[in-house]
Protein chains: 2
Amino acid sequence: MDATTLPPVLRLAPDDGVLIARIALPPGTTVAPGVTVGEKRIPPGHKVAIRPHAAGEEIRRYGQIIGFATAPIAPGDWVHTHNCAMGDFAKDYAYSREVKTTARANTPASFMGYRRPDGRAATRNYIGIITSVNCSAHVADLIADAFKRNPFAGTDPLADYPNVDGVVALTHKTGCGMTEGEPLRLLRRTLAGYARHPNFSHVIAIGLGCEVNQLGGMLEEQRLAGRLRSMDIQEMGGTRKTVEAGIAFVKGVLAEANALQREPVPASELVVALQCGGSDGYSGITANPALGAASDLVVRHGGTVILSETPETYGAEHLLTRRAVSREVGEKLVDLMRWWEDYTAKEGAEMNANPSPGNKAGGLTTILEKSLGAMAKAGTTNLVEVYRYAEPVTAKGFVFMDTPGYDPVAATGQVAGGANLVCFTTGRGSVFGAKPAPSIKLATNSAMYERMSEDMDVNCGTILTGEETIEQAGQRIFELMLRVASGERTKSESYDFGGAEFAPWVIGATM
Amino acid sequence: MDATTLPPVLRLAPDDGVLIARIALPPGTTVAPGVTVGEKRIPPGHKVAIRPHAAGEEIRRYGQIIGFATAPIAPGDWVHTHNCAMGDFAKDYAYSREVKTTARANTPASFMGYRRPDGRAATRNYIGIITSVNCSAHVADLIADAFKRNPFAGTDPLADYPNVDGVVALTHKTGCGMTEGEPLRLLRRTLAGYARHPNFSHVIAIGLGCEVNQLGGMLEEQRLAGRLRSMDIQEMGGTRKTVEAGIAFVKGVLAEANALQREPVPASELVVALQCGGSDGYSGITANPALGAASDLVVRHGGTVILSETPETYGAEHLLTRRAVSREVGEKLVDLMRWWEDYTAKEGAEMNANPSPGNKAGGLTTILEKSLGAMAKAGTTNLVEVYRYAEPVTAKGFVFMDTPGYDPVAATGQVAGGANLVCFTTGRGSVFGAKPAPSIKLATNSAMYERMSEDMDVNCGTILTGEETIEQAGQRIFELMLRVASGERTKSESYDFGGAEFAPWVIGATM
Ligand SMILES: [Ca+2]
Ligand SMILES: [Ca+2]
Ligand SMILES: [Ca+2]
Ligand SMILES: [Ca+2]
Ligand SMILES: [Ca+2]
């Protein structure tokens, strides 16, 4: 399909008063029944009104408020900074004012997942090795390496255990030279979240022995004692003995891990981490809203979607407070924003999600509209809970978890919270994995999808060319989620991504 | 040798007025010719005076001031908080007051090292893969993995290249979601230091493409363009194509890398990173002073030793300012201390090297004495230069580099600065490597050395038992340095340590 046959506009939600120009639209172009572009040409990616807006009236995109008319707007008018602004919107959190009932799906969907003996549902079946400190990272790697396929030698130490997805060492750079208090608590919460992750059948925890993040203290604080095999290198008598004990432990549990069989599990057990990285001008009009449509399906089927990347939501939290099921939930979100303001001020950084000149040239008018581009991934349902980084996610529905925007750190918090699937939209082409959860990668545009097709699972560029609607793409993504949760390999799993990307958030000074 | 035959005291430097009790010394024990312990029993690890000190007179240990007598002290007296304190010492930096001439060795030592075509000396011969961002970490690992020995399959892809020590991927958790300014400059300085390290024959730099730490900008800023092969995954068309190009590059340079032969190189080319981790009560009386004696030999032979771990020097910087070759060099050190005060205050952490109750029970009286335990590694020569983290070290002699105390982060800065050998003292038993530099590990006590003998290269517990003096141990360490620089494998190299421990210092907020 070439540019001349493109439908001229893109509708992001049914009740939107503005549509998005796919290409430059000269005056006179028909954009809706009986609506033609007025005197001003609409640049590609910009908004055109399809109904009249009085001065002061709200303007909606993604079904949500992006600003208010600063002058009367006629159907066919270009809508941008000359006639649209935030107004006093950001002064009112309007807690829960836009809460609505979420229709449950008539036919509950399911996937072929694993059920752990204690009832938890899993999408993969790994053996995990967590590490208290960088000083035990290499020992953990040596244990995991003993179970790695070698493509050159053609060997596969797990060949006899087809139901075991692998042995994954989760190593990091911190765990000592740190202050106690929140930096240590945050690390422990993260490691404990992985230790408890349903996608692990068995877990080993390896420490050095003299680190700040003592394994014993962590296991007690996080109530993990008895749930995993724990070893300190210094107590074991050094590298070789620890590696041998680790390998022996894994060999000893492989048969039990392999005995688990996939069985039907309702889609309500899906916990989907929403991510975007390497965004481009298409993210907010293709992959993110398509993932949002899929998120709405997950929630309608009783599952959970986790939106994160707090700095990218900053300035537009007023949209989410309106959708919060209670004032209390909404206030938790507002508290996060205040924490980030203090934190970044202290660190000499700045919270600023305002559209840049480049964003404005691309058609983004307000901070709301820009942040909505990222928030669109979470769909349109109510915000039911707000979590701190790496906290266990127990609510069903659309939840928010505080994380930085930086992809590996953000996804690590979400997976620690229990996400059993990651959906990652990318415009530039991020390569990413997040073991033990599989990661689906969604391309925002066809050119990148073609160039990096071996790394991309879904092309959402089809929305731009009019090959499918956002709803159709959302349905396709939801179906892929169920297949991947059932064991279908994602592109990043085919390359064994997801170990190096384990990156616990570090918030304190390294001493 | 059992405890009953131990010499009762340990002398840490020739002109010390106090000796250290190896075991509890009852009144009447002879500790020096004509000197017996007075009325007060000396606990093990504590100090006994061997000559009279008038009130106000300085008290020296390691040949350096640890405090001043607060009452007259007689030979045989226990010296501790009841009769020794800092006084006004810390109010006077006394720049360069204790500078002295360093005697050069009569017979210059040498090792069998590599000479790069541009004249730089190396102790190992690796091919390196640096990464701009966590998003390219796994791709770098995939390339390096293609050249790894597989102990299970018995394969060694580098079998035909005996002069190549390996292919090492240096991956990390940062590079995006960060602010520009010092956090980015610091990361780039670190990566560039590795890219330029003489122990690499060839280097590949791998980026994703959309990260804050753009490869192009880094190569230009650090003047690395043309010195290495650089690839962005997004530009290459994804994971497989990048990995294949990386593997092809390595295959293409292996013969050239392998052609280099070891040849005699003067010991003046040694650049030794000094480290301690997992310290115990013996660190300051065995391994650290022994390494200090070896450091003095390195400097006498014209080489360089790098002391770091700024927080552990805090409060005792007055000792180093006295040894600074100029006021300018001394002031650089003082500036670092002020930076750390500001930084930790901002981060809600605290700079406090004061002896804890446990330290005091163990015999450490003042902050000077405690910090000297760590600083003893650097020996007794003049402080010739002070560097920021990861800055190229070009001075010969004893230098200081600003780093945190945390081992992997500290050593990463030193190796980025050009260290071609790491000497790491440990009491609890750290396991550590720092590719591309070899790491010698020195145990502070025989019990740990025996328990972890497969990880420890040197036992300094011999000093405590009187089997050798600090000078003898220093000579032994210096000779091992030359052998290791000549290619002898350290214990940590036998286990392939040194990749996971690459840990650039992160100082800004993760956004
Ligand atoms: Ca990214
Ligand atoms: Ca992101
Ligand atoms: Ca340590
Ligand atoms: Ca240290
Ligand atoms: Ca690794």
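The sequence lines fix the lettering, A, B, ..., with proteins before strands; numbering per chain opens at 1. What you see is a predicted model, and the numbers here were worked out from it, not measured in a lab.
Of the atoms belonging to B:Thr179, it is side-chain heavy atoms, and not backbone ones, that fall under 4.5 Å from chain A. B:Glu180 does not touch chain A: none of its heavy atoms, backbone or side chain, sits under 4.5 Å away. Contacts of B:Val431 with chain A are made by both backbone and side-chain atoms, with heavy-atom separations under 4.5 Å. Contact of A:Glu350 with chain B is made through the backbone alone, with heavy-atom distances under 4.5 Å. Contacts of B:Lys148 with chain A are made by side-chain atoms alone, with heavy-atom separations under 4.5 Å and no backbone atom involved. In this structure, the portion of B:Thr344 lying under 4.5 Å from any heavy atom of chain A is its side chain and not its backbone.
Atom SG in B:Cys210 sits 9.5 Å away from atom CG in A:Asp280 (nearest 0.5 Å). With values rounded to the nearest 0.5 angstrom, B:Met236 atom CE is found 12.5 Å from A:Arg451 atom CZ. Here CG of A:Asp145 is found 7.0 Å from CG of B:Asp145. Values are rounded to the nearest 0.5 Å. The distance from atom OG1 of A:Thr242 to atom CE of B:Met452, rounded to the nearest 0.5 Å, is 7.0 Å. Here the CD1 atom belonging to B:Ile233 is positioned 8.0 Å from the CG atom belonging to A:Asp455, to the nearest 0.5 angstrom. Atom NZ of A:Lys491 sits about 11.5 Å away from atom CZ of B:Arg240, to the nearest 0.5 Å.
For A:Glu235, the CD atom sits in a loose shell: 12 or fewer heavy atoms of surrounding residues, nucleotides or ligands are nearer than 6.0 Å. Summarising the local packing, OH of A:Tyr282 is surrounded by 12 or fewer heavy atoms from other residues, nucleotides or ligands at distances under 6.0 Å.
Using modelled atom types, no side-chain atom of B:His138 and backbone atom of A:Gly499 make a donor-acceptor pair closer than 3.5 Å. No donor-acceptor pair under 3.5 Å is formed between the side chain of A:Tyr406 and the backbone N or O of B:Met178. In this structure a side-chain-to-backbone donor-acceptor pair under 3.5 Å is present from A:Asn134 to B:Ala500. Looking at B:Lys173, its side chain never comes within 3.5 Å of a backbone N or O of A:Glu501 through a donor-acceptor pair.
Ranked by heavy-atom pairs under 4.5 Å with chain A, the first of B:Val409, B:Ile507, B:Asp496 is B:Asp496. When each of B:Gly427, B:Ser279, B:Pro408 is checked for heavy-atom pairs under 4.5 Å with chain A, B:Pro408 comes out on top. Across B:Tyr343, B:Trp505, B:Tyr495, the residue that shares the most heavy-atom pairs under 4.5 angstrom with chain A is B:Tyr495. Per-residue counts of heavy-atom pairs under 4.5 Å with chain B were compared for A:Lys241, A:Glu309, A:Glu347; the largest is that of A:Glu347. Ranked by heavy-atom pairs under 4.5 Å with chain A, the first of B:Val243, B:Leu142, B:Thr174 is B:Thr174.
Within the 4.5 Å cutoff, no side-chain heavy atoms of A:Leu208 are placed close to those of B:Phe432. Inter-residue side-chain proximity for B:Gln234 and A:Met448 is flagged as unmet; no heavy-atom pair is nearer than 4.5 Å.
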